[in-house]
Amino acid sequence: MADPYGFLKHARAEGAKRPVAERIADWGEVSAELPREERDQQVRTQATRCMDCGIPFCHSGSAGCPLGNLIPEWNDLVRRGQWEAASERLHATNNFPEFTGRLCPAPCESACVLAISPLAGGAVTIKRVEQTIADTAWEEGTVRPRAAAVSSGRRVAVVGSGPAGLAAAQQLTRAGHDVTVFERDDRLGGLLRYGIPEFKLEKSVLDRRLAQMRAEGTRFVTNCEVGVDLTVEELRAGFDAVVLAVGALRGRDDRVVPGRELTGVHLAMEHLVPANRFCEGDGEPAISAAGKHVVIIGGGDTAADCLGTAHRQGAASVVQLDQYPEPPHVRDDAVSPWPVWPLVLRSYPAHDEGGERKFAVAVERFVGDDAGHVRAVHLRKVRVEKDAEGRRQVIPVSDEVEELPCDLALLAIGFEGVEPMALLDGLDIQLSRRGTISCGADWQTTAPGVFVCGDAHRGASLVVWAIAEGRSVAHAVDSFLTGSSDLPAPVHPTALPLSVR
Ligand SMILES: Cc1cc2nc3c(=O)[nH]c(=O)nc-3n(C[C@H](O)[C@H](O)[C@H](O)COP(=O)(O)OP(=O)(O)OC[C@H]3O[C@@H](n4cnc5c(N)ncnc54)[C@H](O)[C@@H]3O)c2cc1C
Ligand code: SF4
């Protein structure tokens, strides 16, 4: 039984971060490493704040954790210092808690009962507890390969090695199927590898999980674009089922803004991928912020990742632009009442590292020099409205134009769905109006025996949803191959998108 008064005795405390000057001088994760005993004690105290609610909103689907993480159970185990048992309960619902513990925006925390009133001192630091359980388990060597006892003799191809593909592959391998993950990049991990920067997720954390998966029997093939390097005929002939976990990597562009064609104006991923490759030892990035005045267009976490990357590369200045007005700093119950995801200003550790944020502004034009390189941006103050058909309209509200110096402009304005690819043409799969791959209640696409999960299915989303969909699609594929499945299925394909990003 948890301590129902714990939250009255202990204040909420986030984990410490390394000093800004130190962390922007390297690429390591921003969190400070504490001596083990001190870390354990701090996190046990935080877990003690959990009341073990009769109805734990943190744990449930639409507002809380999409994975159905057994949060009150492992909070209580941590409170008692039973780290290995806590890890067992955490891994029961989440293949990769070391990723979500670092990366998740934690809808569980905004749905925590202690977040209802500021008088309760704030939500339990669930994400911090999760990461510490996972890290402790890896440090103690208790995350071991779990090979299947019996082989089914059925072969499954997973296309894409992001968190959705990896979760599906691990579940299906453990269920006894012969699973091969195909990845067109030279390294595995999808956006975990080449989108999300090292300072949010050190790639050694990804590599040790991949080693566990290899030891369990999952095979990996890199540098292989399915549909091209492995034809659809070969795919069909070689496998009994196929999982499409190809992501939603078609970056949204803004071609209509005058000056978009100037050199120095790029999509965010053109900046982030080479920066991640640099951390992997692939040499200096072709697009770097070093010594430049950087303007980032967009307000989400891709924009924040560009911000942190620009500072580590030695930018002269960084300004981040958002078309929307600055959101409130605390939850407005009239707009987004508890336990739903609150509409509040999101700040990331990268925002503590410098740079300026401007709200309710839009780029009117990129201004170039004689060599055709961007040298400035012109901004106008705007408001955003919906027209009669519900389309977004950006309306200037002043004639005043502000000029910002700019040698590198980064468009971090979202993703438009799955990229066009030979694989989908070969399987005769059409994209939905949202640019995603639709499926039935059994996660099967219009191509028989071909399933879909992750961003490819729900559009650009979150790591936690990718894992939840990967686990659910594994249940569906296992049922398809064997007639029934004991694998868990945390989410249904029609689960409402969570407007977290
Ligand atoms: C910059 C950035 C930062 C983010 N930060 C966060 C964060 O902090 N927290 C969070 O929760 N979420 C974050 N996200 C979102 C999160 O990364 C995604 O929701 C998640 O990675 C989706 O997983 P996925 O497996 O569906 O697809 P992806 O991770 O996109 O992986 C898809 C993979 O499929 C491969 N592929 C595609 N087609 C083929 C083919 N034909 N053959 C072989 N391989 C193919 C691609 O190369 C890619 O590796 C971020 C996203 C971005 C872009
Ligand atoms: S809602 Fe908060 S206090 Fe209640 S069980 Fe979940 S973490 Fe604990």
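Numbering of ligands and ligand atoms starts at 1, following listing order.
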Can you confirm, on distance only, whether ligand 1 has an N/O atom lying under 3.5 Å from any N/O atom belonging to Pro163? yes

Assess Cys224 for proximity to ligand 1: is some non-hydrogen atom of it under 4.0 Å away? yes

Element-labelled atoms of ligand 1 that are located less than 4.0 Å from some non-hydrogen atom of Gly190: 29 (O), 31 (O), 48 (C), 49 (O)

Pi-cation contact, Phe415 with Arg252 (under 6.0 Å, within 45°): no

For Val226 and ligand 1, does the shortest N/O to N/O distance drop below 3.5 Å? yes

Would you kindly say whether Asn69 and His59 are connected by a side-chain donor-acceptor distance under 3.5 Å? no

Ligand-side contact atoms (ligand 1) for residue partner Phe182, heavy atom cut-off under 4.0 Å: 43 (C), 44 (N)

When you look for heavy atoms under 4.0 Å from ligand 1, do you find them on the side chain of Thr100, its backbone, both, or neither? neither

Does the side chain of Arg357 come under 3.5 Å of the side chain of Ser347 through a donor N or O and an acceptor N or O? yes

Quick one: do Asp253 and Arg255 make a salt bridge, cutoff under 4.0 Å? yes

With atoms numbered from 1 as shown, which atoms in ligand 1 lie under 4.0 angstrom from a non-hydrogen atom of Leu249? 30 (O), 46 (C)

Can an N or O of Lys200 be found at a distance shorter than 3.5 Å from an N or O of ligand 1? yes

Please walk me through it: do Arg193 and Asp186 pass salt bridge (Lys or Arg N to Asp or Glu O under 4.0 Å)? CA-CA 10 Å; Arg193 175 76 61 185; Asp186 56 345; over 6 Å; no

Pick one of side chain, backbone, both or neither for how Ala466 approaches ligand 1, counting any non-hydrogen atom pair under 4.0 Å. side chain

Considering only heavy atoms of Met421, which atoms of ligand 1 have at least one such atom less than 4.0 Å away? 38 (N), 41 (N)

Taking Val226 as the fixed residue, which of Leu423, Val221, Leu427 is the one that meets the side chain to side chain contact (heavy atoms under 4.5 Å, CB included) rule? Leu423

Assess the side chains of Thr218 and Gln170: does a donor N or O sit below 3.5 Å from an acceptor N or O? no

Would you check the N or O atoms of Leu462, main chain and side chain alike, for any that come under 3.5 Å of an N or O of ligand 1? yes

Between Arg174 and Gln171, is there a side-chain donor-acceptor contact under 3.5 Å, judged purely by atom types and distance? no

Looking only at non-hydrogen atoms, which of Val221, Leu166, Val463, Asn276 approaches atom 16 (C) of ligand 1 most closely? Val463

Taking 2.8 Å as the upper limit, name the protein N, O or S atoms near atom 8 (Fe) of ligand 2. Cys50 SG

What part of Leu191, side chain, backbone, both or neither, has a heavy atom within less than 4.0 angstrom of ligand 1? both

Short side-chain donor-acceptor distance under 3.5 Å, Glu356 and Gln320: no

Of all the atoms in ligand 1, which lie at a distance below 4.0 Å from a heavy atom belonging to Gly162? 25 (O), 29 (O), 31 (O)

Is it true that His457 and Trp443 have ring centroids separated by less than 6.0 Å? yes

Using a 4.0 Å heavy-atom cut-off, which part of Phe415 comes near ligand 1: side chain, backbone, both, or neither? side chain

Decide yes or no for Ile437 and Ile429: does some side-chain heavy atom of the first lie under 4.5 Å from some side-chain heavy atom of the second? yes

For ligand 1 and Ala164, I'd like to know whether there is a polar contact (N/O to N/O, distance under 3.5 Å). yes

When you compare the side chains of Thr446 and Asp428, does any donor N or O come within less than 3.5 Å of an acceptor on the partner? no

If you measure only the distance, is there a donor-acceptor pair under 3.5 Å linking the side chains of Thr45 and Gln42? no

Proximal ligand 1 atoms for Val159, defined as those under 4.0 Å from one of its heavy atoms: 40 (C), 42 (N), 43 (C)

Gly247 neighbourhood, listing ligand 1 atoms whose heavy-atom distance to it stays under 4.0 Å: 27 (O), 30 (O), 32 (C)

Under a 4.0 angstrom heavy-atom cut-off, which atoms of ligand 1 come close to Gly454? 26 (O)

Pair Thr173-His177, side-chain donor/acceptor within less than 3.5 Å: no

Which of the listed options, Glu469, Arg458, His271, Arg184, holds the heavy atom that is closest to atom 45 (C) of ligand 1? Arg184

Distance flag, aromatic centroids of Phe480 and Phe451, threshold under 6.0 Å: yes

Nitrogen or oxygen of Leu272 less than 3.5 angstrom from that of ligand 1: no

If you measure every N/O of Glu225 against every N/O of ligand 1, is any gap under 3.5 Å? no

Stacked cation flag Arg23 on Phe199, 6.0 angstrom / 45 deg: no

Is it the case that the side chains of Thr436 and Ser432 hold a donor-acceptor pair, with the cut-off being a distance below 3.5 Å and no angle test? yes

Should Ala245 be listed as contacting ligand 1, given a heavy-atom distance under 4.0 Å as the test? yes

With backbone taken as N, CA, C and O and side chain as the heavy atoms from C-beta onward, which portion of Asp305 lies under 4.0 Å from ligand 1: side chain, backbone, both, or neither? side chain

Just to be sure I'm reading this right: ignoring hydrogens, which of Ile196, Val158, Leu188 gets closest to atom 4 (C) of ligand 1? Compare them by their nearest heavy atoms. Ile196

Indicate, as side chain, backbone, both or neither, the part of Asp301 found under 4.0 angstrom from ligand 1 when only non-hydrogen atoms are considered. side chain

Whether the Asn95 and Arg471 side chains hold a donor-acceptor pair (N or O, under 3.5 Å, no angle test) is what I'd like checked. yes

Nearest heavy-atom contact between Ala268 and Cys306 is CB-SG, 3.6 Å

Counting only nitrogen or oxygen atoms and a 3.5 angstrom limit, does Leu103 reach ligand 1? yes

